[in-house]
Each structure stands twice: as structure tokens, then as C-alpha cells.
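Okay, structure first, notes after.
Small disclaimer: the values here were computed from a predicted structure and weren't measured. Sequence lines set the chain letters: A, B, ... in the order given, protein chains first and strands last, and positions in each chain run from 1.
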There are 4 protein chains.
Amino acid sequence: MTSPRRAPAAARRSEATRRAILDAALDLAAEVGYARLSIEAIAARAGAGKQTIYRWWPSKGAVLFDALLALSDGADGPAELPDTGDLEADLKAVLRATVEEFADPRVSEPMRALSVEVLLDERLAAEYRERLDGPVRAMKLRRLQAAREAGQLAPDADLDIVLDMIWGPVRDRWLYREGPLTADFADAVVETALDGLRPRP
Amino acid sequence: MTSPRRAPAAARRSEATRRAILDAALDLAAEVGYARLSIEAIAARAGAGKQTIYRWWPSKGAVLFDALLALSDGADGPAELPDTGDLEADLKAVLRATVEEFADPRVSEPMRALSVEVLLDERLAAEYRERLDGPVRAMKLRRLQAAREAGQLAPDADLDIVLDMIWGPVRDRWLYREGPLTADFADAVVETALDGLRPRP
Amino acid sequence: MTSPRRAPAAARRSEATRRAILDAALDLAAEVGYARLSIEAIAARAGAGKQTIYRWWPSKGAVLFDALLALSDGADGPAELPDTGDLEADLKAVLRATVEEFADPRVSEPMRALSVEVLLDERLAAEYRERLDGPVRAMKLRRLQAAREAGQLAPDADLDIVLDMIWGPVRDRWLYREGPLTADFADAVVETALDGLRPRP
Amino acid sequence: MTSPRRAPAAARRSEATRRAILDAALDLAAEVGYARLSIEAIAARAGAGKQTIYRWWPSKGAVLFDALLALSDGADGPAELPDTGDLEADLKAVLRATVEEFADPRVSEPMRALSVEVLLDERLAAEYRERLDGPVRAMKLRRLQAAREAGQLAPDADLDIVLDMIWGPVRDRWLYREGPLTADFADAVVETALDGLRPRP
DNA sequence: TATTAATCGAGACGGTACGTCGAGTCTTTAC
DNA sequence: GTAAAGACTCGACGTACCGTCTCGATTAATA
């Protein structure tokens, strides 16, 4: 049984060229932004032929996808979120790190570019959820699960929604440039989410 | 005090053509999606010359912007969110309405198209926040303010963050197509946000 | 019986605007050449509305036509070619004057522009022959006629062709920029035409 | 020594497309005339992309130029004018052929279009003289030279001017539509030029 | 002298074509 | 067989003018 066959035989593929293309995509996204990010420019910057890109990736978004995947694989972040026992502190630390990442154009701009592609391309969106967002989300859920088991979260909380309530505001503020994206903001989000909105008795 | 003067004298402007262009933009966005939404197509559909669009709008995003503005002006929704005294019920009602809007391609597709433009164009983003998102946001804040004064929200809650925690998850789920966007989901979000994440004593 | 009525009642016509338009046409032709000579530019330069041009002239060529007509009316050259009795000397004098006119961009460039219009527009060509070229040609023919009667030209010469043989080479050299357009060239043309090509016994 | 390099590497150039474009240019010029001859129309008729035209030719005039060059290369007319020993007869034959060519819209209309371009574009004019008009002119001069050596032309005649005196009137009459362009007219021009204007003793 | 109708400047309008960019496909040559 | 190179068709971009069409605001002949 063969795999869905989404690319030609990878055996002869040039790894150097592959890396050059992903690097060029990242660099160009950071430099000129999504609007001016063209396949032609990526190929030229990478010293590759256009066809080489089309041979291995179905779309510009897919290139960005792999480029960002390579970026995070390279960093090879911890497979798990920190668990010091103090949920609030741990979440603040992680969210502050996220805020810092968004401040780095080398990450932020390709991410924005990929976001646009994902917003427009349902197939890419599915792949994005599965391969990029998914694992991170699962990791976050595991930490929340642990917290719930430790009695730090309401036992009946819908953890998916909890997750969106914590990371969503940060992502939105970045995506729509809705306000300053600072560590203080990250802290405030965590506190507000944990305490809930109703007055405590 | 004069405005920044971003367009020629509006006196002679043809209202019929303006409407035709906005309608065409809305129709086309709903029909073919952002990817295939071109100024040329809008002009052709509207029976207008391209130059007429360029005369009055600086970008495709600006057209979409006005088109959606006109759509909501037309609806001329309530200037205030409902206030029955029951915050939870009111929020659920509003959020369910939002979910329903997202289900209508005539609203959802132009909105997605505008979102993409806003994500990419800082100037448009500023205008978006000021003229489209801003008033709605202010209205939401007023309702939360009233709730806080009525003792239904923690007195020290940062209402901006509260707002993002409630509407953010819905918008994100729509934007990234992260899961089914249902009335139940809207209810769950409101409940989770209000109750907070920590276990109640 | 009414005239062909090719323009509205001229009574109220603004003479100042008419002059401004013709001047602007001449100036612009001399400055930027035919390629960049647009009705919009003429109107702007003249401080006139486009419609004022369209009201009185059917085409850009017609404007140029009138502009050049006004130019030569202004000069109001002699109604007849000089006749000193010496045909060769007279022709040389006239042809040298023509050469000099072609060297003046204020005449040459509008003329070139008009030529292009005439080449392309049969109706304009007819009017050109009748009202601009015609009178000049008739004048030339009268001088040649006089010369023939004075026994200085072969009695059976076709004067129309003679005329083309004398002025044609000068106009062609100007039109196609085929070589230096000098007084010497004018002299040589006259001499060659008069002497004929066959060896004299 | 390298050429001025005015176009990309011609190695990969599609000959079929090149022919299709030149043919389309010729056809359209003959059909709709210069005024309506657009690059877009040529591309559409040729089934080519506009960019392919812009890649290889700098202007519409250059396309027409090559098209007419191909036309005459195709005909591959005699490398020399006929020389029966009878100059008058030979010139009449050639001039009659010219008159006939002008009567064929498939030649005449593209020629008129090219003329307009040449009139307006000095660079094109230079190329025109060098590559289209030049060789023909040299051929004509050789025939006149031979005639002069055979004692059929005045030994001191300026052959360039002679040439203009013979072919100029025909071209002018065509260009400006100044009168019927017939074989008789061609004959009369040759006779008048040869006999000269002065009365023969 | 006041009326009134045509002309005026201005410029928006629906169009056509421009010349450029990039998309995605195809072909040729080198490795 | 992959890769670099780059020509190809196609579609859209944003711009320049076209010729037509209103708009008040002159303005000049008529009442």
C-alpha cells in the first residue's frame, strides 16, 4: 500500500536546495512581508528554479508551513510545558514566551504570512491544525489536564475552551494589532482567566 | 478642520455606482471567496470602470471595509447590547447571534476577505479598529461595565481582557476553522468565562 | 439651406479660450511631442475644460490643424512666391525657407503631430489638402506656371509632378529623418530637378 | 563583439509564437488599421501572452517592423533591380510594382502603421533606415550608378537626390492620399525626372 | 437693465489599452 | 531523474486618456 503520494520520489531530492528554499522563504517573509512574498522571489533568493518549488510543494502556504515547521524543529522546544505545580506561574511563563516570539519578525512575519494562507485555504488549514498547531495544543491540554487533576482547575471545565480563553486573546491582539503585546498583558490574561469574571465571595 | 482628504470632491459622486460597487464586492466575496476577488471583477460586476473604484478607495480592502460597513449600517443593529439584568443570558444571546452571522456566507466571506486585508495592511487595520470593530467593542464594554456596576463582575476585572476572552474564542474558531461553530459552543464559552477556571469552593 | 453644422453657434464662443487651447496645443506638441500630446493635457495647460475642446473640434488632429493654421495666418506669409524672373534662384530661396521652418521645433513638432493625424484620418487628410496644403500648393503651381510661360520650364511638364519632385525630397527627409536638412540640400534638389537626370549634350 | 543585447537569450525562443505574432500584427493592421491596432489585440489574435511580445519587442512599431521585414524576406525579392539597359523602362517597371504594392492593403496598411511609428520614434526611424529602407535604397542606388556609368545619367548627378525625386512623389502621394496612385502616374514621374524640367533645346 | 440660455471650468463616469508582475506549466541543458 | 534556467499563457494590477455626461458659475445677446 502506497502513501497518498503527494510528491515525487524523495530519494533523489536535494536537501541543500530544500533548506535554501525554506530559508529564503523565512528571510523574505521577515524582510518584505506577505504581500510581496512571491514564489519567484523565493526561488531567486534560494538560487533554485521555480519548478523545484512546484515539484515539492503545492502552494506558497505549504512552503511557509514547512519553513516554520523546520524553524520550530530546529529550536526543538521542550516536548512538554513546564510543570512546577504552580499553574498560574507556569502559564504566565509560557504566555510571556509566546509574546516574545511574536515580537521577533523572523518568526512573526512568516507566521503572519502562513496565517493568511491558512485563513484562505481550507486544506492547508487542516494540515496546519494537524501538524503545527495540533501538537502544541495537545501539549497545552496535557498541562491543563494535570492542573485539573491537581485540583487547580474546576473539574467540569472544558479544557479546549480554557485553552482558547488563555491563548486566544494574545493571538488576536497580535493578529489584528489590537494593542501592545507585553508581558504584563500576558500576566493579566492568565489572572483574569483563572479568577473568572464573577465576583468572588 | 479638514479631513485628511483621501478622495476627490464627493459632491459629484454617483451614489448608485457606489452602491453597485459595494454590492458587487459583497456578492463576489460570498461567491468566489477572497482568493478570486479582484478589483477588475468587482468593477465588471458593478458595471463600473476600474478607475471609479480607484478614485474612491485606496485598496481592495478599503472597498470591502465600506461594503461591510454598509451592510451593518443597513441592518442598523441595536445601538446597545440587551440588558435584561441577567448577564449570562444576555451574553449567550449575543454570542449566539454572532455565531449565526458567521454561518451566513454573505457576511462571513466578505468578513474573511476583509480580515485578510486587515492582517496585512496596518493602515487598514487602524481604520478597521476605529470604525468597524471599535464601536461594537465600545458597546460590548458598556454592557460589561453595567454588569460590573450591578455587582455581576469582579470589581477589579480588566474588561478589555474579559471581552477578548468571551468573543476571542468564537472569532478564532471561525477564522482558523478550528471546530464546529455552534450555539452550544457559544454557551460553553460564556459559562466558562464567567465561572473562571479555578474550582469554586 | 443650412451649412453642415459641425459646431454650435459660434456667437458666444470665447475667443480667449480658443486661443489658449491652440497655444497650449502648439506648446505641448513642441515640448513633449506627439506621443504624449493628449486632449487632457491640452485642456489642462489651456486652463479649459475638456468639453470645451470637444465642443468645437472633432479630434485632436483638428485642434492641431487649427493651431497650425493660426500660426501661418499669424505669419500671414506672402500670398505669392517671389518671382524675380530667375526660377532657380526663387525656388532655392523658398526651399531654404522651408528647410528653416522644419528646423524650428515650435513649427516642426506640431507639424509632425498633424502629419501623423493626417496619415491616419482620411477625413482630416481631405481637409488638410483643402485648407492647409492646397493654397500653398496652388501658389507654388502659379509660380511654376509663370516660369513655364516664360519659357523656363518644358512646355509639356506635368507641374503637379514637378512640384512633388522639388518639395517632396525635402519633406521626406524631414518626415523620415533621412539625413541632414540643410540649405545646401535644398539647393541641390532644385538644381537636380531643373537639370534633369539625363546627361546634357 | 557582442550585440547591444536588447532581448533575452534567443535560444529558447518559440519560433511558432514569433511567427504567429508577426502574422497577427500584419492581419490586424490590414483589417482594422493603425488606429485600432493594439498590442493586446495582436497578442489575443496570435494566441500569445502580452508578456511574450514585450519580452522580445520594445514597442508596437518594432513588431510591425519585424512583421514587414518577414514579409519582404518571405517574398525574397530580387537582390537587384532589373537592368535591361533601358533605364527609363526599368524604372517604370519598378515604380509600377511599387504602386501595385501600395494598392494591397495587406502590405499598405502595415506599412502605413509602421510609417507612423517611424515618424514618431527616432530610434525606430534609425533602425528602419538601416534594416528596411537601407538595403532597398542601396539596391536602387546601384542601378542608378550603373546607368550613370552607361552614360544614361548626368555624370555629376547626386544619386541620393535623384532617388528621392523618383520614389518620393509616389510615396508622398500614398502617404498623404494626395491623388490617384496609378501606373500612369508612375510613368509620368519617371519621364519628368529623367527629362528634367527645363525645356530641351 | 434684467432675463435667460449657451458656454465655461471642472471633473466623475464607463471604457480601452497600457506596460508590469507573478502564477503555474512546459521545455531544454547540465549534472 | 533532479535541478537551474527561463520562455510560455494567462490574469490582475494600477495608470493614462478617451469621449460622454452632468454640474454650478459666468457671460453675453435679447427682451
Is D:R13 positioned over the aromatic face of D:W57, cation under 6.0 angstrom from the ring centre and no more than 45 degrees off axis? yes
Does [N] have its OP1 or OP2 closer than 4.0 Å to a side-chain nitrogen or oxygen of [X]?
| X | N | answer |
| --- | --- | --- |
| D:T52 | F:dT9 | yes |
| D:T17 | F:dA7 | no |
| B:W56 | E:dG11 | no |
| C:R55 | E:dT7 | no |

Do side-chain atoms of C:R177 reach the backbone of D:A126 as a donor and acceptor pair under 3.5 angstrom? no
So, applying salt bridge (charged side-chain N to carboxylate O under 4.0 Å, His left out) with D:E31, which one of D:R36, D:R106, D:R45 is it? D:R45
Letter per nucleotide, 5' to 3', of nucleotides 22-29 of chain E [B base touched, S only sugar-phosphate touched, - untouched; heavy atoms, 4.0 Å]: SBBBB-B-
Once side-chain contact (heavy atoms from CB on, under 4.5 Å) is applied, do any residues pair with B:Q51, and if so which ones, sequence neighbours excluded? B:Y54, B:R55
In this structure, how many angstroms lie between the [atom2] atom of [N] and the [atom1] atom of [X], rounded?
| X | N | atom1 | atom2 | result |
| --- | --- | --- | --- | --- |
| B:Y34 | F:dA12 | OH | C1' | 12 Å |
| C:R18 | E:dG9 | CZ | P | 14 Å |
| D:W57 | E:dC18 | CH2 | P | 15 Å |
| A:I42 | F:dA5 | CD1 | P | 16 Å |
| D:I53 | E:dA17 | CD1 | P | 13 Å |

Quick one: on DNA chain F, does D:E15 or A:A48 contact a more 5' nucleotide (nearest heavy atom)? A:A48
Does either side chain, that of A:E117 or that of A:Y128, offer a donor lying less than 3.5 Å from an acceptor on the other one? no
Rounded to the nearest 0.5 Å, what separates atom OG in C:S38 from atom OH in C:Y34? 11.0 Å
